[in-house]
Amino acid sequence: MSPLDAQFELRYPGGAVIRAQLRRPAAGFSVTALFGPSGCGKTSVLRALAGLEHPPRGRITFAEDVWLDTQLGIDLSPQRRQVGFLFQEYALFPHLTVERNVGYGLRHLAARARQARVGELLARFGLDDLQGRLPHQISGGQQQRVALARALAHKPRLLLLDEPLAALDGPLREELRRELRSLLVDFDLPVILVTHDRQEALTLADHLLVMNQGTVLQEGPVSEVFTRPATEQVARMVGVETVEPGRIVHCSPGTVTVQVGTARLVAVAGEEAGAEVTVCLRAAEVELTGLDLSSAPQANRLPGSVRAIRADGSIWRVELDCGFRLTSLVAAPAARRLGLEVGQPIVAQIDPAAVHLIPRPSEPG
């Protein structure tokens, strides 16, 4: 089957331009996240896919159907595109019960068929006991389930989610983040969601488009984008904790040595000696050990000292000076075993495969 293929532009007063290029499966379960800061154009892209925004230029096809072709004057309505849309604020009808909210888009069905479909969704989303309540009489998480059930009631071909967890408070958001993907997988349809939350993208999505200022900066599998960002800007957006300038000073078969501040790191080869690079290190890849250096020399054993410590539940965030600023995430039991405190000498150990290098353009001569 042909994929979802979207290429279009949206223009706004003041000169803002959003350029979208998206090609994703049109059948089977998958979750694609449009990820980036607020105001970067993610929701506008989602609304254009739904038929709620009208690009002056572009083309959107889904499987064999043309949803938008500005040259041919085609711009199908949301109903004809058969998409489900979950709005950030859920947009439930306050005067309708849970049952009537879920069945609102099924008025074309006979009463018995509508009742059967609504009953199926209420059961699947654990809402059976709430069907007679109004939206203000149920919790935020329950409202989200009602809105999601309503978006899926008419069996859409594509489901669009706009910041699906943003309206929830922190603890509830974490709980439903884990549940949402398992709720969606049973419906076996492609999903595109908008989020600015890194953990949400990591937990829910298979594929990621990183956006900023209306442009897609990088696209690929979630794990690849988060571990191998293509630019320094993307690295910072996806939360790489250590992003430092470096210069390759030596090349060996399969590896290179990089000068970073006053320290040297070994990384998997990719650039030539003399190349200016940006060095990216995930804090979870930085292991801390005591000062015993009597064992055989190993690559990337960096002596340093603790600059700052921030405990966040079971994980401690430790800021280090190892000749450059370096961050490590340490499980609380390991941190206590090491007796970590500010000013303490420590050794950071980093696998060369975890050192990601991004080429930097040469300065103009």
Side-chain angles (χ1 to χ4, degrees), residues 35-37 40 196 198 201-202 208 210-213 215-220 222-289 297-310 316-330 342-365:
F35 173 80
C40 74
H196 67 275
R198 289 191 292 269
L202 280 166
L208 195 69
V210 179
M211 294 186 63
N212 198 28
Q213 297 182 339
T215 302
V216 175
L217 303 179
Q218 186 174 351
E219 176 183 358
V222 170
S223 59
E224 177 184 306
V225 176
F226 271 79
T227 59
R228 314 293 291 178
T231 67
E232 180 177 334
Q233 183 181 15
V234 172
R236 296 187 186 280
M237 289 176 66
V238 299
V240 176
E241 293 86 354
T242 298
V243 181
E244 293 286 333
R247 180 180 178 83
I248 294 177
V249 294
H250 180 71
C251 296
S252 300
T255 64
V256 294
T257 301
V258 190
Q259 185 78 38
V260 192
T262 61
R264 291 194 173 189
L265 284 172
V266 176
V268 174
E271 297 297 315
E272 300 297 326
E276 300 289 337
V277 295
T278 297
V279 179
C280 299
L281 291 166
R282 283 275 179 195
E285 300 285 353
V286 180
E287 180 183 357
L288 300 187
T289 66
Q298 298 181 39
N300 297 344
R301 289 176 61 87
L302 306 177
S305 60
V306 176
R307 294 171 52 95
I309 298 173
R310 188 178 72 202
W316 291 22
R317 183 185 180 96
V318 184
E319 305 292 340
L320 308 163
D321 182 353
C322 291
F324 61 99
R325 296 178 69 95
L326 182 63
T327 302
S328 176
L329 294 181
V330 184
V342 174
Q344 175 186 348
I346 202 75
V347 173
Q349 176 74 50
I350 306 163
D351 188 325
V355 182
H356 176 52
L357 305 180
I358 301 173
R360 284 194 291 148
S362 302
E363 296 291 335

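The shown structure was predicted, so the numbers you read here are calculated from the model rather than taken from an experiment.
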Quick one: are Val225 and Val238 in side-chain contact, heavy atoms under 4.5 Å?
-> yes
Is there a donor-acceptor pair closer than 3.5 Å between any side-chain N or O of Ser252 and the backbone N or O of Thr255?
-> no
Salt-bridged, Glu319 to Arg307, with N to O below 4.0 Å?
-> no
Which distance, rounded to the nearest 0.5 Å, do you find between the CD of Glu287 and the OG1 of Thr289?
-> 7.0 Å
For Glu224, look at atom CD and say whether over 12 heavy atoms of other residues, nucleotides or ligands are found less than 6.0 Å away.
-> yes
Of all heavy-atom pairs linking Met237 and Met211, the shortest is CE-O, 3.2 Å
Taking the side chain from His250 and the backbone from Val256, do they hold a donor-acceptor pair closer than 3.5 Å?
-> no
Val216 versus Gln218: any side-chain heavy-atom pair under 4.5 Å?
-> no
Qualifying residue for side-chain contact (heavy atoms from CB on, under 4.5 Å) with Ser328, from Leu320, Leu281, Val306 = Leu320
Go through the steps to decide whether Val318 and Leu288 satisfy the test side chain to side chain contact (heavy atoms under 4.5 Å, CB included), and finish with yes or no.
-> CA-CA 10 Å; Val318 184; Leu288 300 187; 4.2 Å; yes
From Arg236 atom CZ to Asn212 atom CG, the distance as rounded to the nearest 0.5 Å | 13.5 Å
Hey, does Val266 have a side-chain heavy atom less than 4.5 Å from the side chain of Val355?
-> no
Side-chain heavy atoms of Leu357 within contact of Val258, under 4.5 Å = yes
Looking only at atom types and distance, does a side-chain atom of Arg282 sit under 3.5 Å from a main-chain N or O of Phe226, one as donor and one as acceptor?
-> yes
So do the side chains of Ile350 and Leu326 get within less than 4.5 Å of each other, counting heavy atoms only?
-> yes
Look at the side chain of Thr278 and the backbone N and O of Pro245, then say whether any donor-acceptor pair between them is shorter than 3.5 Å.
-> no
Backbone N or O of Leu265 within a donor-acceptor pair of the Asn300 side chain at under 3.5 Å?
-> no
At what distance, to the nearest 0.5 angstrom, does SG of Cys40 lie from NE2 of His196?
-> 10.5 Å
Non-hydrogen side-chain atoms of Val210 and Glu219 separated by less than 4.5 Å = no
Identify the heavy atoms of Pro229 and Val234 that sit nearest to each other, and give their distance.
-> CB-CG1, 3.8 Å
Minimum-distance pair of heavy atoms, taken over all atoms of Gly304 and Cys322 = CA-SG, 3.9 Å
Given Ile309 and Arg317, is the side chain to side chain contact (heavy atoms under 4.5 Å, CB included) satisfied, shown in steps?
-> CA-CA 6 Å; Ile309 298 173; Arg317 183 185 180 96; over 6 Å; no
Does the side chain to side chain donor-acceptor pair (under 3.5 Å) test come out yes or no for Gln259 and Arg247, once each step is laid out?
-> CA-CA 5 Å; Gln259 185 78 38; Arg247 180 180 178 83; over 6 Å; no
Leu217 side chain reached by Gln233 side chain, heavy atoms, under 4.5 Å | yes
With no hydrogens and no angle check, is any side-chain donor or acceptor of Glu241 less than 3.5 Å from a backbone partner on Thr327?
-> no
Hey, mind stepping through Phe324 and Thr242 against side chain to side chain contact (heavy atoms under 4.5 Å, CB included) and telling me if it holds?
-> CA-CA 9 Å; Phe324 61 99; Thr242 298; 4.1 Å; yes
List the steps and the verdict of side chain to side chain contact (heavy atoms under 4.5 Å, CB included) for Thr257 and Ile248.
-> CA-CA 6 Å; Thr257 301; Ile248 294 177; over 6 Å; no
Distance from Ile358 atom CD1 to Cys280 atom SG, nearest 0.5 Å?
-> 3.5 Å
